[in-house]
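What follows is one structure encoded as C-alpha cells, with my remarks underneath.
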Amino acid sequence: MARANEVVAALLDEYADLLSITGGEAFKARVYDKAARAIGGHHADVATLDLAALQKIPNVGKSIAEKIIEYFDSGQIQAIEKLRAKIPPGVRALTAIPGLGPKKAMILYEELGISSVDGLEEAIGEGRLAGLRGFGPKTAENLLHGIELLRGETGRSLIDTAMAVAEEIVGAISAVPGCQRCTYAGSLRRMRETIGDVDILAAARDSKPLMDAFVRLPIVAEVIVRGEKKTSVRTTRGLQVDLRVVPLEAWGAALQYFTGSKEHNVRIREIAVRKGLKLSEYGLFRVGDGSLIVSETEEDVYAQLGLAWIPPTLREDRGEVDAALAGELPDLVTLPDIRGDLHTHTNLTDGVSTLEEMLATARARGLRYYAVTDHAKNLPMQRMTDAKMLKQREHLRALASEGRMELLHGTELNIDPDGDVDWDADFLAGFDVCVASVHSHFNQSPEELTRRLVRACENPYVNIIGHPTTRQIGRRAPIDADWDAVFAAAARTGTAMEVNSYPDRLDLPDELILRAKRHRVKFAIDTDSHSTVHLGHLRFGVGLAQRGWLTKDDVITAWPLPKLRTFVARKRRAH
Ligand code: DGT
Ligand code: CA
Ligand code: CA
Ligand code: ZN
C-alpha cells in the first residue's frame with residue numbers, strides 16, 4: 001500500500017469517528033468509513049490521482065474526492081479541522097475502549113470533562129460516574145474491564161504460548177534419570193482459554209535431580225522459590241512455571257488435585273468426606289486410621305469415589321460431577337474425530353502460504369476434507385474480485401483429482417452492518433461452503449448486532465458464522481448481541497456456529513458454546529489458518545469444544561463429507 005493512501009485512509013477514518021462522536025448522521029459516518037477502507041486497499045497511489053480518477057475508487061464520491069485533493073493541495077482538510085477543534089483527541093481515544101461507543105464517549109466529555117483513558121479510570125475510581133444517565137455500576141465495571149483489555153493488563157498468557165513452554169519443560173524433565181512420570185496440570189490441562197501460570201507435575205523418589213535440571217533450563221530467567229516439593233520460576237517471557245515432585249504412589253491424587261479447578265476439587269472433596277475418605281495432593285486417605293489408599297492413576301481416585309474418570313476439560317463445576325455420578329458424562333469430541341477444516345486462507349488474500357502449501361500440510365495432518373475460504377470482495381484490504389475467486393476455484397478443481405483429501409471451494413463472507421454479505425445468490429451458489437463473519441462495526445447496538453447476525457443466519461448460502469463474538473483475547477472485547485436470539489436463528493436455519501481454534505480468538509467462548517448447544521446448534525471447529533503452522537491450532541479448538549461439552553455429533557467438521565454436503569444442500573433447498 002502506498003503511504004499516501006494510508007495517510008488519507010487514516011484521515012477519513014478519523015473524520016468518520018468525529019462525525020459519530022459529535023452525533024452527526026450515522027449514515028455519513030459510514031460513508032466515510034467505507035471510503036477510508038477503499039482507499040487504504042486501493043492499488044494506485046492516491047497522491048497521483050485527479051478528481052475524476054479518485055471518484056472511480058469504489059465508495060469515493062465527489063465530496064470525498066474533493067477533500068482528498070484539498071489535503072494534497074493544502075496539507076489539511078477544513079471539515080476535519082473544524083471537528084478537531086470541537087473535540088479533544090483524548091475523546092476519540094476513549095472510543096478505543098471495548099464497549100465504549102462514540103455517543104457515550106461524548107457524554108463523558110460533555111458531562112464530566114473526561115478526555116483521556118486515564119481520566120476515565122480515575123473518574124470511575126472516584127465514583128464520579130454515579131448519577132450519570134446510562135452509566136450504572138455494571139457499566140462502570142464493564143468500562144474498567146474494557147480499559148484493562150485495552151492495556152493488556154490481565155496478566156494471563158495465551159494457550160499456545162503456555163503450551164509451548166509446558167511441552168518444552170515436560171520434555172526436558174522427563175529425560176532426567178529418576179523421573180518416573182511428568183506432565184502438565186492446572187488450567188493448561190483443562191485447556192482454559194488463557195493461562196495464569198503453568199503447573200508441571202513429576203513423580204520421582206528423589207526430587208533433587210529434577211529441580212536441578214528445572215532451574216538450569218535456558219528459558220528460565222529467574223528462580224522465584226526453590227524447595228524439595230515445589231520450585232517456581234519465571235521464564236524469559238515472563239510466564240511463571242511451578243514444578244511439583246511427588247512420590248509415584250501419590251501420582252493419581254496429586255494429578256487430580258493440581259489439575260483443578262479449585263471449584264471442581266471442592267465438589268470432589270465433599271464426595272470423599274461423605275465416604276469417610278480424605279483427599280489431598282498427598283493422596284487419598286481413610287479418615288479412621290489415616291491409611292493411604294494407593295492411587296497411582298486418576299482413574300483410581302475417581303473410582304474410589306464412585307465416579308467415572310472426568311475429562312480435565314470438564315472440571316469446572318458446571319455439572320460434571322453430577323453427570324459422572326449419574327453415569328451421564330458426554331462422549332466428548334476428540335482431535336482424531338476431526339475430519340475437516342472449513343475456514344482457511346491462502347496468500348490470495350491475507351494468508352502467507354500458497355494454496356499448494358496449505359493443502360500439503362493439511363493432508364500430512366490427516367484431514368479428509370479441506371475448504372479454502374479466502375476473504376470475499378467487500379473487504380477492500382483483501383483486493384478480492386469475482387475473477388480471482390473463479391480462477392482459484394478452477395485451480396482447486398484441477399488439483400482435486402490428486403490425493404485422498406477432498407477439496408472444497410468456499411469463502412469467508414463479510415457480514416455488513418445490515419446483515420448482508422458480499423455476493424448475490426447466483427455467485428454464492430457456486431461455492432461448496434460459505435463462512436460469514438463480522439469484521440467491522442463492532443460498536444453497533446445490541447439490537448443492531450443481533451439483527452445483523454440473525455439475517456446472516458437466514459441467508460441460504462451462509463453455512464457457518466465465523467468467530468461469532470469477534471473478540472481478540474486481551475485486545476478486543478466480544479460484541480454485545482442477544483446470543484439466545486442468534487443461536488435460536490442458527491438452529492432454526494441450519495447454520496453452524498464456529499469454534500475458532502486461533503489462540504487469541506477461541507471463539508465461541510466455552511460459556512457461549514454451552515448456551516448454543518442448549519438451542520441444538522451445530523458447530524464447526526475450524527482453524528482460520530493464515531499459514532501452514534496455524535493448522536496445528538486445531539487441538540485448541542477441540543479443547544474449547546470439549547469445555548463446551550460437545551460430542552462428535554454436534555460438530556460438523558467431525559462428520560463424514562456426505563453428511564456435511566447434505567447439511568449445506570438442505571439449507572439451500574429450504575429457501
Ligand atoms: P491459572 O493458573 O490461574 O490459569 O489456573 P489454575 O487452575 O492452573 O490455578 P493454580 O495454578 O492456582 O492452581 C493449580 C491447581 O491447583 C488448581 O486448579 C487447583 C489446585 N489448587 C491450588 N490451590 C488450591 C486451593 O486452595 N484449593 C483447592 N481445592 N485446590 C487448589
Ligand atoms: Ca496454573
Ligand atoms: Ca500454579
Ligand atoms: Zn474472519
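We number each residue from 1, following the sequence as shown. Just so you know, ligand 1 is whichever comes first in the structure, and atom 1 is the first atom listed for that ligand.
- Summarising the local packing, CD of Glu126 is surrounded by more than 12 heavy atoms from other residues, nucleotides or ligands at distances under 6.0 Å.
- For Glu511, the salt bridge (Lys or Arg N to Asp or Glu O under 4.0 Å) partners are Arg318, not counting sequence neighbours.
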Full working for side-chain hydrogen bond (donor to acceptor under 3.5 Å, both in side chains) between Asp528 and His345: CA-CA 7 Å; Asp528 195 0; His345 299 272; 3.2 Å; yes

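- Remark: Lys517 pairs with Asp554 by the salt bridge (Lys or Arg N to Asp or Glu O under 4.0 Å) rule, at least two apart or across chains.
- Under a 4.0 Å N-O distance rule, the pair Asp317/Arg267 qualifies as a salt bridge.
- Screening Glu320, Glu193, Glu316 against Arg547 for a salt bridge (charged side-chain N to carboxylate O under 4.0 Å, His left out) leaves a single residue, Glu316.
- The side-chain hydrogen bond (donor to acceptor under 3.5 Å, both in side chains) test with His467 singles out one residue from Glu412, Gln472, Glu498, His343, and that residue is Glu412.
- Take the Ca ion (ligand 2) and draw a sphere of radius 3.0 Å; the protein N/O/S atoms inside it number 3.
- The minimum heavy-atom distance linking Ser157 with Leu239 is given by the pair OG-CD1, 3.2 Å.
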What are the distances between nitrogen or oxygen atoms of ligand 1 and protein nitrogen or oxygen atoms, counting only those under 3.5 Å?
from, atom 1, to, atom 2, distance (Å)
ligand 1, 2 (O), Asp197, N, 3.1
ligand 1, 2 (O), Asp197, OD1, 3.1
ligand 1, 3 (O), Arg156, NH1, 3.0
ligand 1, 4 (O), Arg156, NH2, 2.7
ligand 1, 4 (O), Ser187, OG, 2.5
ligand 1, 4 (O), Gly196, N, 2.8
ligand 1, 7 (O), Arg190, NH1, 2.9
ligand 1, 7 (O), Arg190, NH2, 3.2
ligand 1, 8 (O), Ser187, N, 2.9
ligand 1, 8 (O), Ser187, OG, 3.4
ligand 1, 8 (O), Asp199, OD2, 3.1
ligand 1, 11 (O), Asp197, OD1, 2.8
ligand 1, 11 (O), Asp199, OD1, 3.4
ligand 1, 11 (O), Asp199, OD2, 3.0
ligand 1, 18 (O), Arg190, NH1, 3.4
ligand 1, 29 (N), Arg269, NH2, 2.8

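- The aromatic rings of His537 and His534 lie parallel to each other, their planes meeting at an angle below 30°, with 60° marking the opposite boundary.
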